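Note that the coordinates shown come from a computational prediction; the quantities given were computed from them, not determined experimentally.
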Amino acid sequence: MEQNLHQKEISVKIRKDEPIQVCGVTLYPLTMEHYEEFMNMKNVLSIRLSALPVQYMEYDYLNAIFKMDTDHESSGKDTHMTLLSTVLYLFELALRIAPEQIGKSVKVFLTKDHLIDQIIVMQNGKRVCLKSNEFSKKIRPVMARQNCVELPDESANRDLIEAGIQKREFYAQNEPDIVFDVEKMVSSVAYLSHVREKEIYQWTIREFENRKQAIDRDKRYTIYAQAEMSGFVKFKK
């Protein structure tokens, strides 16, 4: 029988980077082995439904992105990798499906109205049926939290959200482009953590992100403390 975990228990397991059973499947935090592709795909998990065009707002998360894919495809635009296929690929990584079984262990079944009815998952020889709403409300949040992805507050004011986006875009216009180099990033964290680089790739993405943020806080604190010691500047909080 599936163990129904309370939010507190889920939070503890997330902090410990332990697998979590949800709706009959076991979700694992992704490791640094998949860091680069995860960083390129993670935004699909944090799509804000309340910011989508009105025709998609009536659907749950999974069906909303499926309908967006369908409309995109019918318009004749390039559909090399759809939103749905991206989410399902990340889902298979979280299930720790063997590489040779990727794309074969998760099957999507539609209703007569061409909506996602259920997802059939094969994990460790066990067959599990997930409803679209179960994936949207239970699977997605756990996957996000396990991998340091913050889900949007759907109740937030849409005008304020759009104003914030426009403000960030305005200030980003004159900022230099940041080159995303995983190897250098891993090397820096390994050096400052006093471990070998190959050890980092065994870490979970969540552990790596937390360590990177801790290093950043430490460096900032050192800089601010040294500046205050000069006697010419004072930083509040």
Residues forming a side-chain hydrogen bond (donor to acceptor under 3.5 Å, both in side chains) with Asp218, sequence neighbours excluded: none
What about [X] and [Y], same hydrophobic cluster or not, with Ile/Leu/Val/Met/Phe/Trp/Tyr joined at side-chain heavy-atom distances under 4.5 Å?
X	Y	value
Met41	Ile102	yes
Ile139	Phe109	no
Leu151	Phe91	no
Val12	Ile10	no

Are [X] and [Y] packed together at the side-chain level, in the sense that at least one heavy-atom pair is separated by less than 4.5 angstrom?
X	Y	answer
Arg145	Ser11	yes
Leu83	Met68	yes
Cys23	Lys138	yes
Leu62	Leu84	yes

Main-chain N/O of Ser136 paired with Asp60 side-chain donor or acceptor, under 3.5 Å: no
Taking all non-hydrogen atoms of both residues into account, name the closest pair between [X] and [Y] and its distance.
X	Y	result
Phe208	Trp203	CA-CE3, 3.9 Å
Leu115	Lys67	CD2-CD, 3.7 Å
Val149	Lys42	CG2-CB, 4.1 Å
Leu27	Gln146	O-NE2, 3.1 Å

Distance-only donor-acceptor check, side chains His6 and Glu9, under 3.5 Å: no
Residue of the set Ile97, Val25, Leu95 for which side-chain contact (heavy atoms from CB on, under 4.5 Å) holds with Val106: Leu95
Inter-residue atom distance Lys107.NZ - Gln118.CD, 0.5 Å rounding: 14.0 Å
Ionic contact status for Lys212 with Asp216, cut-off 4.0 Å: no
Plane angle bin for His114 and Phe66 - parallel if under 30°, tilted between 30 and 60°, otherwise perpendicular: tilted
Candidate pair Tyr201 and Met32, rule side chain to side chain contact (heavy atoms under 4.5 Å, CB included), full reasoning: CA-CA 5 Å; Tyr201 290 99; Met32 287 298 294; 4.2 Å; yes
